[in-house]
Amino acid sequence: MVFLKKLAAISTLLLGSTQAYENGLGLTPQMGWNSWNIYGCDINETIIIGAAEKIKELGLQDLGYEYIVMDDCYQLHERDNTTNKILADPEKFPNGIKHLADSIHDLGFKFGMYSSAGRYTCGGYPGSLHNEELDADTFADWGIDYLKYDNCYNEGNSGTAQISYKRYDKMAKALNATGRPIFYSLCQWGEDNVWNWGSTVSNSWRISGDIYDHFDRYDDRCPCESYECLGLQGYMCSMTNILEKAVPLGQKAGTGQGWNDLDSLEVGNGGMNYDEYVAHFTLWAILKSPLVLGNDVTNMTDEDLGIVKNAQIIEINQDLSAPAHRVWKKSVKGGSLQLFATTLSDETQIVAIFNSGDYEEDTELLFEDIFVDDLTMKNKSYSGKELWTNETSTFEDKISTSVKTHSIKIWKLTEAN
Ligand SMILES: *[C@@H]1O[C@H](CO)[C@@H](O)[C@H](O)[C@H]1NC(C)=O
Ligand SMILES: *[C@@H]1O[C@H](CO)[C@@H](O)[C@H](O)[C@H]1NC(C)=O
Ligand SMILES: *[C@@H]1O[C@H](CO)[C@@H](O)[C@H](O)[C@H]1NC(C)=O
Ligand SMILES: *[C@@H]1O[C@H](CO)[C@@H](O)[C@H](O)[C@H]1NC(C)=O
Ligand SMILES: *[C@@H]1O[C@H](CO)[C@@H](O)[C@H](O)[C@H]1NC(C)=O
Ligand SMILES: *[C@@H]1O[C@H](CO)[C@@H](O)[C@H](O)[C@H]1NC(C)=O
């Protein structure tokens with residue numbers, strides 16, 4: 001164990017200093033809000049500032065939700081015919097983007113925007129392919145702190161890691177050349193095994209097509225439930241579809257490397273019930289996905305707010321430790337039981353059991369499975385706090401429990417004396 005830990009420390013050090021994309025950002029997964037899931041193209045100045053004000057008022061800013069990200073459709077269809085710069089739509093943004101960025105900064109947030117590594121954005125507005133330097137300068141002049149960079153209309157510049165890498169690296173270099181630290185968030189849908197090269201060029205990388213606000217709905221437009229899927233990355237990806245793609249990729253993420261982005265959260269958008277949203281939020285947190293809200297924050301129920309405000313779950317996401325790994329997955333009627341584990345930097349152990357099946361399931365979580373990386377830990381007794389109910393129990397050898405359908409339970413284990 002000591003050896004393993006040393007190895008982990010050394011590789012973090014090396015990656016942190018020599019291999020990862022260096023802009024001083026992304027030491028932990030980014031947190032914030034993005035306009036796309038709820039508003040799509042119907043955005044304007046009032047909506048973006050209103051969301052930021054509300055996020056502050058609700059106490060979410062204090063919990064770490066820091067980036068306000070305006071997604072696609074802020075532009076005019078034509079670039080400026082003399083400077084060739086991207087132009088903001090003056091009807092939606094009567095005071096311009098600089099004013100918007102200033103307003104967001106005045107509220108204590110960082111401001112994010114969007115473009116595509118293609119001829120057009122996904123919404124059909126001017127993309128940044130072949131205009132990387134010009135657009136990076138425009139974004140920096142506007143005062144942005146974050147760029148989500150999409151993959152639509154890429155003119156066929158994909159298909160191998162090398163081709164995709166070059167296209168995304170061009171913007172990475174352009175952002176760096178502005179001199180402004182700008183969080184660089186790839187939205188390349190997991191094409192060309194982005195998790196193998198994303199860390200050398202960015203702070204985070206999407207691993208799948210767009211999320212769809214449903215627990216497990218099958219859809220041909222998001223084919224295949226494994227990271228091994230090649231070809232169509234699709235959209236309309238259910239929460240559990242993305243989970244399956246994400247689970248084996250945890251080893252590709254970390255402090256000094258960057259983050260697998262499982263896409264913005266759907267909590268508050270109404271397509272899942274309370275237990276399902278709790279599972280969605282918990283899984284995204286322990287796999288160290290960015291925690292980016294994607295809902296109408298001006299009209300949240302107390303239940304939904306309670307989910308995204310659970311500081312104990314956020315703390316795991318923001319801890320300087322590795323993403324959780326899946327210890328086992330067992331078939332049950334209608335789905336599976338999945339055991340996850342990870343050790344936090346203070347040496348406490350996190351254990352989560354997720355039931356995607358149709359019925360409540362009784363199960364035993366054996367310490368010999370949970371502590372497989374350090375079996376000397378398995379004979380000790382632990383005080384375990386369940387992080388949604390806050391009930392504390394003492395456990396020896398195992399946790400015997402039952403999990404409701406479409407639910408998760410998660411404990412933090414501390415050695416009992
Ligand atoms: C640009 O890159 C260099 C070296 O990779 C790094 O040290 C520097 O902090 C970067 N600057 C910005 C603004 O990202
Ligand atoms: C350039 O854009 C301006 C303002 O949008 C417009 O008035 C002008 O006609 C355009 N010029 C050309 C050559 O398209
Ligand atoms: C933005 O949209 C909202 C909702 O449609 C509307 O109430 C508001 O006036 C709009 N603001 C601007 C600046 O267009
Ligand atoms: C707020 O949410 C409720 C139910 O969740 C919905 O019925 C209502 O239309 C929403 N109001 C606004 C202004 O969006
Ligand atoms: C348990 O504690 C967390 C973090 O303080 C809190 O968000 C959550 O609401 C609590 N749960 C209950 C049932 O009180
Ligand atoms: C744990 O306990 C079992 C029996 O209770 C024993 O056989 C085993 O050697 C112990 N393992 C460690 C690592 O202490």
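Ligands are counted one by one from 1 in listed order, and the atoms in each one are counted from 1 as well. When reading the values below, keep in mind they use all heavy atoms of this one structure, side chains included, and skip hydrogens, waters and symmetry mates. It should be emphasised that the depicted structure is a prediction, and the values quoted were computed from it without experimental measurement.
Put simply, atom 9 (O) of ligand 5 has no protein non-hydrogen atoms near it, under 4.0 Å away. Counting protein heavy atoms under 4.0 angstrom from atom 14 (O) of ligand 3 gives one or more.
Taking any N or O of K92, backbone or side chain, none lies under 3.5 Å from an N or O belonging to ligand 3. For ligand 1, the polar-atom distance check finds an N/O of N176 within less than 3.5 Å of one of the ligand's N/O atoms. Residue E45 has no nitrogen or oxygen atom sitting less than 3.5 Å from a nitrogen or oxygen atom of ligand 3, judged on distance alone.
In this structure, G24 falls outside the shell of residues with a heavy atom less than 4.0 angstrom from ligand 1.
Proximity of the aromatic rings of F340 and H325 is defined here by a centroid distance below 6.0 angstrom, and this criterion is not met. Aromatic pair Y149/Y168: ring centres closer than 6.0 Å.
Cation-pi geometry between K330 and W328 is met: under 6.0 angstrom from the ring centre, within 45 degrees of the axis.
Looking at F395, F367, W411 one by one, the single match for ring-ring contact (aromatic ring centres under 6.0 Å, His included) with Y382 turns out to be F367.
In this structure, the salt bridge (Lys or Arg N to Asp or Glu O under 4.0 Å) partners of K170, at least two apart in sequence or on a different chain, are E132.
Near W388, meaning under 4.0 Å from any of its heavy atoms, are these atoms of ligand 5: 11 (N), 12 (C), 13 (C). Contact atoms of ligand 1 toward G179: 13 (C) (distance under 4.0 Å to a heavy atom of the residue). Residue-ligand proximity, N23 to ligand 1, at heavy-atom distances under 4.0 Å covers atoms 14 (O).
Classified by interplanar angle (parallel below 30°, tilted 30° to 60°, perpendicular above 60°), the ring pair Y277/H280 is tilted.
Among all protein heavy atoms, the one lying closest to atom 7 (O) of ligand 5 is N310 CA, 3.6 Å. Distance from atom 6 (C) of ligand 1 to its nearest protein heavy atom, with residue and atom name: E22 O, 3.8 Å. When only non-hydrogen protein atoms are considered, atom 11 (N) of ligand 5 lies nearest to N390 ND2, 2.8 Å. If you check which protein heavy atom lies closest to atom 4 (C) of ligand 3, you get I47 CD1, 4.5 Å.
Side-chain contact of D319 with S345: a donor-acceptor pair under 3.5 Å is present, judged by distance alone. In this model, a donor atom of one side chain and an acceptor atom of the other lie less than 3.5 Å apart for N131 and N84. W189 and D150 form a side-chain donor-acceptor contact under 3.5 Å, judged by distance and modelled atom types alone.
Closest to atom 3 (C) of ligand 3 by heavy atom, among I48, D89, N44, is N44.
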